[in-house]
Amino acid sequence: MNLPIYLDNHATTPMDQRVLDAMLPYFREHFGNPSSIGHVYGWEAEAAVSKARETIAHAINSTPNELVFTSGATEANNLAIKGVAEAYFSKGRHLITVQTEHKAVLDPCKYLETLGFEVTYLPVQSDGLIDLALLEKSIRPDTILVSVMAANNEIGVLQPIAQIGAICKQYNVLFHTDAAQAIGKIPLDVQAMNIDLMSLTAHKVYGPKGIGALYVRRSPNKVKLAPQIQGGGQEQGRRSGTLCTPQIVGFGQAIAIALEEQPAENERIKGLKDRLWQICGKIEGIHLNGHPTEGLAGNLNVSIEGVDGNALLLGLRSVVALASGSACSSTNVAPSHVLTALGRADKLAYASLRVGIGRFNTMAEMEEVGQAIIKTVKTLRKSQVF
Ligand SMILES: *Cc1c(COP(=O)(O)O)cnc(C)c1O
């Protein structure tokens, strides 16, 4: 067994060997610029980019020209939120999002507030789901965008995206979803779910870091978007910059594999999670965070009473690599904003563990990690004074 066991698959995933194999030729042999329309080097690169674009479009039931490649979901979220705000500000200056969103959604929203936009941050219920009636009530005549993530990166909760899309359509408000944790894990269909903009990233689904995409609806109603990066006019002027062919090829390959293996993988990963919870659930004062059934197969988020979260991580670090609260704020001593939004007391939030189980984890690892958590909690409870 490779120690420490990697159970931080919400932060990033190891790249699949098949993805790397697909990418390698595009670093050296086929190094052309996909925008070079005058020679075979450019054509080869453009053909590879087109193929990946088609694969990703097919996975979300969009057309290829509705995808804008970006450096990842952070950039896609920024482009969606700031790009829509800038393009629609004469229609209205109100946006709606959720308290438990990723910082890559919350921070652009906060920035827009400094420019005079108004943002409603919807609370969540204790299971992490939003209240659809409250969403509907929060929509105003000047609301231009609703942004609700598909799957939460801390507690794995899956929001009712299709229902949210239907509400947005009914009120003629654009709907953006951050699907960084959802793509390749749950079925996504921009038509059936009435999604107008969707952020994607490759590195949460066994692809390379530094590549993602924003889906932007073209029909029946074309979404207007003000570009945030200007220059050579790539991606129909929506995101300039030379396309990174190897990363895009890797993204396409990662999505193709995920699509093919997703149903069976979800079953297997859920089996791993159930086993880990069977072992750890016996710990006294352990609580499951998030919704009991509406969640990502590989997510397990727990709070443990009377144990310091950082001490727990330190105690476990030689056996298992996982996160306390959000990976993006693990140096931050404040409790996770997601657990706080669930109404978890600060003390409980401090002692939280986020387990992200992925493609390369095994049942034997669950046994090892489960026993290690039990043992470490026991040791800490003996030595800590609370
Ligand atoms: C990882 C993540 C992001 C950021 O994606 P990058 O591609 O790393 O920029 C945004 N939103 C969610 C929900 C994430 O999990």
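Counting starts at 1 for both ligands and their atoms, following the listed order.
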### Task
May I ask which of E154, K204, H102 has a heavy atom nearer to atom 15 (O) of ligand 1 than the others do?
K204

### Query
Below 3.5 angstrom, do we get any N/O pair linking A11 and ligand 1?
no

### Task
Compute both the distance and the angle, then confirm whether K169 meets the cation-pi test with F175: under 6.0 Å from the six-membered ring centre, within 45 degrees of the axis.
no

## Note on the structure
ligand 1 to M149, heavy atom cutoff 4.0 Å, flagged ligand atoms 13 (C)

### Query
Tell me: protein heavy atom nearest atom 4 (C) of ligand 1, and distance?
T74 OG1, 3.4 Å

### Task
Return yes or no for this condition: an N or O of Q181 is under 3.5 Å from an N or O of ligand 1.
yes

### Query
How long is the span from the CG atom in L296 to the CG atom in N266, to the nearest 0.5 Å?
8.5 Å

### Task
Considering only non-hydrogen protein atoms, determine which one is nearest to atom 7 (O) of ligand 1 and report residue, atom name and distance to 0.1 Å.
T201 OG1, 2.6 Å

### Summary
One finds that the ligand 1 atoms under 4.0 Å from a non-hydrogen atom of N153 are 13 (C), 15 (O)

### Query
Given side chains that start at C-beta, do those of N152 and Q181 come closer than 4.5 Å, heavy atoms only?
no

#### Entry: Residues E260, R18: salt bridge by 4.0 Å N-O rule
no

### Query
What class does the angle between the rings of H39 and Y41 fall in, given that below 30° is parallel, 30 to 60° is tilted and above 60° is perpendicular?
perpendicular

### Query
Is E284 salt-bridged to R381, cutoff N-O under 4.0 Å?
no

### Query
Do NZ/NE/NH1/NH2 and the carboxylate oxygens of E265 and R268 come within less than 4.0 Å?
yes

### Task
Give the numbers and elements of all ligand 1 atoms closer than 4.0 Å to a heavy atom of H203.
6 (P), 7 (O), 8 (O)

## Note on the structure
CD of E66 to CE of M198, rounded to nearest 0.5 Å, is 10.5 Å

### Task
Give the residue and atom name of whichever protein heavy atom lies nearest to atom 11 (N) of ligand 1, and the separation in Å to one decimal.
D178 OD2, 2.6 Å

### Task
Could you tell me which atoms of ligand 1, counted from 1 in the order shown, lie closer than 4.0 angstrom to a heavy atom of G72?
7 (O)

### Query
What protein heavy atom sits nearest atom 5 (O) of ligand 1, and how far off is it?
A73 CB, 3.3 Å

